[in-house]
Amino acid sequence: MKTTATICAAVLALPLALVLLLAGQQDPAIGAGPAAGAPTRLARTDIPPAYLRWYLDAAQTCPGLGWNILAAIGKIESDHGRSTAPGVHTGENSAGAAGPMQFLAGTWATYGVDGDHDGDADRYNPADAIYGAAHYLCANHAGQGGRHLYQAIWQYNHADWYVHRVLTQAAAYATPTPTASGRGAIAVRAALHWLGTPYSWGGGGPAGPSYGIAQGAGIKGFDCSGLTQYAWAQAGIQLPRVAAAQYTAGPHVPRTQLRPGDLLFFATDTRNPATIHHVGLYYGHGQMIHAPQTGDVVRISPFTGNPYREHQYIGATRPSATRASA
């Protein structure tokens, strides 16, 4: 997209992740959006909260594009808008690039986006710039992963060392996804695609996020069972809508045999399934993907060792096509 003003003294050695990309295979930590995991501790401390949300949201406009790719570009181009270099906040740098994602005027004219819907697509506006970057990368087929991702990043800045830096930074920002296979893996990938989506009471279903009811009436997103219903629908299994009913939609699984995608249930009274009030998808490594509560977003959270969740854990199921019902 632009000519860099920095000259790399030497070509850096290609890491395994980049070799995989060049071979057309995709490393889960840096690949497409559904495979890009939750923000790491580094990402949460290094990326300003507003920027993190914009990266997560903008990535959803390009199916398959990892939010961490956008975040890595934002880090390299402007340190997430904190850089005081020429062109970041006003004017242009020596190559004519401007804004936190460093767009040339001509490129912005074609791919600029009004990301915050204020009526003006401004390359100095972080939300607009990040959404514009997602648009530009998507137009260059970044969502397809593999060589397409490599080439899309190269189009952003015509340098192999730049691609290497983006991929390395992206890998540091996202947690690796667990090893999984079969329908559970499909459900996990489907849920990961919506990380950062607002919680909406009564919202979401097999078709994706939707406006909820009551306190969720003005919010488009998912509640806990809406997210799990959506995720498993992508794996070909239709679950009941509410968490307590989903508890019967598959054989129960001992905690020692949990696999990614299994449904975890939490109840007010662990002796009474009728009191189940929350459900999430097991992610692996003692964590789950879930829509927690009003005011929160779809996220990956600790399950093992979390006193609140441990106290209310009632069991887990593995959805089955023969047991599930609409």
Side-chain angles (χ1 to χ4, degrees), residues 1 17 26-83 88-89 97 99-103 108 111-118 121-140 142-143 145 149 152-153 155-157 162-163 165-177 189 191-199 209 220-221 289 296-300:
M1 183 183 71
Q26 201 162 297
D27 185 280
I30 61 175
T40 60
R41 183 177 181 180
L42 170 64
R44 293 193 302 270
T45 56
D46 185 45
I47 304 173
Y51 272 73
L52 180 57
R53 180 59 189 276
W54 288 322
Y55 294 136
L56 288 164
D57 287 352
Q60 294 180 23
T61 66
C62 179
L65 174 63
W67 69 267
N68 53 337
I69 298 296
L70 290 172
I73 290 174
K75 173 67 174 179
I76 293 166
E77 297 294 353
S78 71
D79 192 23
H80 310 301
R82 291 179 296 231
S83 173
V88 173
H89 300 285
M101 301 300 278
Q102 292 289 276
F103 272 94
W108 183 255
Y111 298 100
V113 174
D114 177 13
D116 60 2
H117 307 293
D118 66 353
D122 179 4
R123 57 179 170 159
Y124 297 100
N125 179 310
D128 295 356
I130 291 168
Y131 273 81
H135 185 198
Y136 183 72
L137 289 165
C138 206
N140 284 295
L149 176 62
I153 299 171
Q155 286 294 331
Y156 204 97
N157 188 340
Y162 179 85
V163 179
R165 283 189 61 190
V166 168
L167 295 177
T168 300
Q169 186 67 58
Y173 275 160
T175 57
T177 55
R189 288 196 294 270
L192 286 173
H193 180 76
W194 297 102
L195 286 175
T197 300
Y199 178 94
K220 188 175 183 179
I289 312 166
D296 210 330
V297 297
V298 174
R299 64 174 65 249
I300 295 176

Sequence-distant partners of Gln169, side-chain hydrogen bond (donor to acceptor under 3.5 Å, both in side chains), two or more places apart: none
Atom of Tyr51, atom of Pro100 and distance for their closest heavy-atom approach: OH-CB, 3.8 Å
Residues forming a ring pair (Phe, Tyr, Trp, His ring centres under 6.0 Å) with Tyr111, sequence neighbours excluded: His135, Tyr136
Main-chain N/O of Ala58 paired with Thr61 side-chain donor or acceptor, under 3.5 Å: yes
Non-hydrogen atoms of Ala174 and Thr40 that approach each other most closely: C-CG2, 3.5 Å
Closest approach of Ala72 to Ala170 (non-hydrogen atoms, all atoms of both residues): CB-N, 3.6 Å
Any donor-acceptor N/O pair, Asn140 side chain to Ala152 backbone, under 3.5 Å: no
Contacts of Asp79 that satisfy salt bridge (charged side-chain N to carboxylate O under 4.0 Å, His left out) - sequence neighbours left out: Lys75, Arg82
Smallest separation among heavy atoms of Tyr124 and His89, with atom names: CD2-O, 3.4 Å
Side-chain touch Asn125/Asp114, heavy atoms, less than 4.5 angstrom: no
Asp118: side-chain hydrogen bond (donor to acceptor under 3.5 Å, both in side chains) partners, not counting sequence neighbours: none
Test side chain to side chain contact (heavy atoms under 4.5 Å, CB included) applied to Phe103 and Glu77, step by step: CA-CA 10 Å; Phe103 272 94; Glu77 297 294 353; over 6 Å; no
Partner residues of Tyr173 under the side-chain hydrogen bond (donor to acceptor under 3.5 Å, both in side chains) criterion, sequence neighbours left out: Asp46, His80
CG-CH2 distance between Asp116 and Trp54, expressed to the nearest 0.5 angstrom: 7.5 Å
Step-by-step side chain to side chain contact (heavy atoms under 4.5 Å, CB included) determination, Leu167 to Ile69: CA-CA 7 Å; Leu167 295 177; Ile69 298 296; 4.1 Å; yes
Test item: Trp108 side-chain N/O and Ala121 main-chain N/O as donor-acceptor pair under 3.5 Å: yes
Contacts of Arg53 that satisfy salt bridge (charged side-chain N to carboxylate O under 4.0 Å, His left out) - sequence neighbours left out: Asp57
Heavy-atom closest pair, residues Met101 and Ile130: CG-N, 3.9 Å
Verdict with reasoning, Val113 to Asp128, per side chain to side chain contact (heavy atoms under 4.5 Å, CB included): CA-CA 5 Å; Val113 174; Asp128 295 356; 5.9 Å; no
Spacing of Leu56 atom CG and Thr197 atom OG1 [to the nearest 0.5 Å]: 8.5 Å
Trp67 side, atom CH2; Leu192 side, atom CG - distance, nearest 0.5 Å: 11.5 Å
Candidate pair Ile76 and Asn157, rule side chain to side chain contact (heavy atoms under 4.5 Å, CB included), full reasoning: CA-CA 11 Å; Ile76 293 166; Asn157 188 340; over 6 Å; no
pair Tyr162-Ile73: side-chain heavy atoms closer than 4.5 Å: yes
Heavy-atom pair with the smallest gap, counting every atom of Ser78 and Val88: CB-CG1, 4.0 Å
Pairwise side-chain contact, Pro39 with Leu52, heavy-atom cut-off 4.5 Å (strictly under): yes
